[in-house]
Amino acid sequence: MNRWLIVLGTIIVQMGLGTIYTWSLFNQPLSDRFGWDVSSVAITFSITSFALAFATLFAGRLQERWGLRRLIRVAGVVLGLGLILSSQVSSLTLLYLLAGFVVGFADGTAYITSLSNLIKWFPERKGLISGISVGAFGTGSLLFKYVNSALISAVGPAQAFMYWGIIVLVLVVAGSFLIREAVVREQSPVTAKEGAVSEPAEVHHEYTVKEMLRTKEAYMLFGIFFTACMSGLYLIGIVKDIGVQLAGLNVATAANAVAMVAIFNTAGRIILGALSDKVGRMKVIAGALLVTAVAVMTLSLVPLNFGIFFACVAAIAFCFGGNITVFPAIVADYFGLKNQSKNYGVIYQGFGFGALAGSFISALLGGFHLTFIVIAVLCAVSLLMALIITPPGTSLRARDSHNKQMQFNPSSRAS
């Protein structure tokens, strides 16, 4: 089987899934059409993001029952129908249910399973291949910013939902025909490429979800991922408002930051994903957290102008894209490939909670400045964890290796 055909199929699927990140384009048009408050319409995307993360808890079990290709096709059909039916809604409740929960759940199901499967096909290049897959997700959002903008202008938001749903359905279902499910043996040594320093070089045990949750490393990774997602998702939701209110930019100029976020987000996914195979994954995460902390503190404490604002936005988006790309590979490094979909699904809940936490903290503290300071503090704590965390059982394996060496080397034991 040509593995690169599977890459192509996964890219097509992920591009279709990534289109949900164009939701902000619909906020104002739906508000104008139905007289709903813009903030009430915007809640839909928070529900979508939370449902996407929630779905990853069940995707692994569904994959075992239905098979990967069938599951992705069903998810693609449900995702498309959710958007098509959203074209007929006339109440916020139905919008939340269809465009929020149904679309998010279907999207998350196909996202986690197709991504995890691709990583299994390339155990020697987990960072790079994760970057390609997650980068395709970001590329979908960037391309469909223009597609959905054109649809809304031409036929209005309701009909745009219908055409959007049809396109996404076709992309996801078509991509699924090129995907083949990888099989991982119980004992799965995952040796890094020569010259790479990704952690660990070899997986000695395939962790189940229950076994993973007994390790302190699982909770540390969850905390780091939560922080990384909250900082990036909060910025995505309010980047135009920051430009207008804090940097004094006009609305049109500030709106350009939305496209910049998509571009640097995608670049970060590809560049930092590949870099993690070379220099080590936790080093990349630590560097991204440090840059994010500096950027959010700058947004909070330094008088902003055009250049500073866009530099900080680009830095945060780049690091966010890299973080969510490297984490699937980290979970595979730490807990094995066999149960990747289930294990990463648990850690991925940090994305769902991160999607909600930034808005809640901002509402509680009353604005951008204090929220940025909280994010910077969380980044500092997560940076510390990233510097000290090691794969579960590392010290035990090192001790066992030392004992074996002593056992078969009497001269070393005597000395």
Side-chain angles (χ1 to χ4, degrees), residues 1-22 52 55-56 59-60 62-63 66-80 83 106-148 164-184 190 193 262-263 265-277 321-322 324-329 331-332 337 340-341 344:
M1 181 64 197
N2 187 339
R3 293 188 299 176
W4 294 102
L5 286 178
I6 301 171
V7 173
L8 177 60
T10 305
I11 287 174
I12 295 172
V13 168
Q14 291 282 343
M15 286 183 67
L17 301 176
T19 63
I20 65 168
Y21 273 74
T22 62
L52 190 157
T56 63
L62 291 174
Q63 180 179 339
W66 294 352
L68 177 65
R69 298 173 75 186
R70 182 183 176 191
L71 178 62
I72 292 176
R73 287 172 194 163
V74 170
V77 171
V78 173
L79 173 58
L83 290 170
D107 200 281
T109 300
Y111 171 81
I112 192 74
T113 51
S114 59
L115 169 61
S116 298
N117 180 70
L118 192 62
I119 292 174
K120 293 176 184 178
W121 278 105
F122 293 83
E124 78 284 5
R125 300 177 181 175
K126 291 192 290 290
L128 172 63
I129 215 66
S130 179
I132 292 173
S133 178
V134 182
F137 189 95
T139 302
S141 69
L142 179 60
L143 294 178
F144 264 73
K145 173 183 181 294
Y146 303 100
V147 173
N148 280 343
W164 179 18
I166 293 171
I167 296 171
V168 168
L169 191 156
V170 171
L171 283 173
V172 176
V173 172
S176 71
F177 283 97
L178 295 175
I179 293 176
R180 296 292 184 274
E181 187 164 358
V183 177
V184 179
V190 182
K193 291 191 303 179
I263 293 170
N265 188 356
T266 302
R269 296 174 189 225
I270 297 172
I271 294 172
L272 295 186
L275 184 63
S276 73
D277 286 331
I324 63 175
T325 298
V326 175
F327 253 86
V331 173
L337 283 168
Q340 168 74 355
S341 294
Y344 183 52

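Atoms considered below: every heavy atom in the structure, side chains included; atoms not considered: hydrogens, waters and symmetry mates. These numbers come from a predicted model, not from an experiment.
For the pair Leu118/Ile6, a side-chain contact is recorded, criterion being any heavy-atom separation below 4.5 Å from C-beta on.
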Using residues 169-179 as the side-chain source, report each donor-acceptor pair under 3.5 Å to any protein atom, sequence neighbours left out, with the distance given to one decimal.
from	atom 1	to	atom 2	distance (Å)
Ser176	OG	Arg73	NE	3.1
Ser176	OG	Val173	O	2.6

Requested in this report: Please report the C-alpha distance between Val7 and Phe122 in whole Å, then the side-chain angles of each, then the deciding distance to 0.1 Å, and finally whether the side-chain contact (heavy atoms from CB on, under 4.5 Å) criterion is met.
Outcome: CA-CA 10 Å; Val7 173; Phe122 293 83; 3.5 Å; yes
Requested in this report: Before giving the answer on side-chain contact (heavy atoms from CB on, under 4.5 Å), spell out for Thr10 and Val13 the whole-Å C-alpha distance, their side-chain angles and the decisive distance to 0.1 Å.
Outcome: CA-CA 5 Å; Thr10 305; Val13 168; 5.6 Å; no
Requested in this report: Given side-chain contact (heavy atoms from CB on, under 4.5 Å), test Tyr344 with Thr56 step by step and report yes or no.
Outcome: CA-CA 8 Å; Tyr344 183 52; Thr56 63; over 6 Å; no
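Side-chain N or O atoms of Arg3 include one that pairs as donor or acceptor with a backbone N or O of Trp121 at under 3.5 Å. When atom types are taken as modelled, the side chain of Lys126 and the backbone of Pro123 share a donor-acceptor pair closer than 3.5 angstrom. Looking at Ser130, its side chain does come within 3.5 Å of a backbone N or O of Thr325 through a donor-acceptor pair. Formation of a donor-acceptor pair under 3.5 Å by the Asn117 side chain with backbone atoms of Arg180 is found in this model. Under the 3.5 Å distance criterion, the side-chain polar atoms of Asp277 are matched with a main-chain donor or acceptor of Leu128.
The distance from the CG atom of Leu143 to the CG atom of Asn148 is 11.0 Å, given to the nearest 0.5 Å. Rounded to the nearest 0.5 angstrom, Met15 CE and Leu142 CG are separated by 9.0 Å. In this structure, CG in Leu337 is found 9.0 Å from OG in Ser116, a value given to the nearest 0.5 Å. The CG atom of Leu17 sits 8.5 Å away from atom CG of Leu52, with the distance rounded to the nearest 0.5 Å. Here the straight-line distance linking atom CD1 of Ile129 with atom CD1 of Ile132 works out to 4.0 Å at 0.5 Å rounding.
For the residue pair Ile20 and Trp164, the shortest heavy atom distance occurs at CA-CZ2, 3.8 Å. Residues Gly60 and Ser341 approach most closely at CA-CB, 4.2 Å, considering heavy atoms. Closest non-hydrogen pair, Ile119 versus Ala332, comes out as CG2-CB, 4.4 Å. Closest non-hydrogen pair, Ser276 versus Gly127, comes out as OG-CA, 3.6 Å. Taking all atoms of both residues into account, the shortest heavy-atom contact from Gly135 to Ile270 is CA-CG1, 4.4 Å. Summarising the geometry of Gln14 relative to Ser114, their closest heavy-atom pair is NE2-OG, 2.9 Å, with the distance given to 0.1 Å.
Contacts of Thr113 classified as side-chain hydrogen bond (donor to acceptor under 3.5 Å, both in side chains), with partners at least two apart in sequence or in another chain: none. When the ring pair (Phe, Tyr, Trp, His ring centres under 6.0 Å) test is applied to Tyr111, the partners found at least two apart in sequence or on another chain are Phe137, Tyr348.
Under the side-chain hydrogen bond (donor to acceptor under 3.5 Å, both in side chains) rule, Gln63 has a single partner from Glu181, Arg69, Arg70, which is Glu181.
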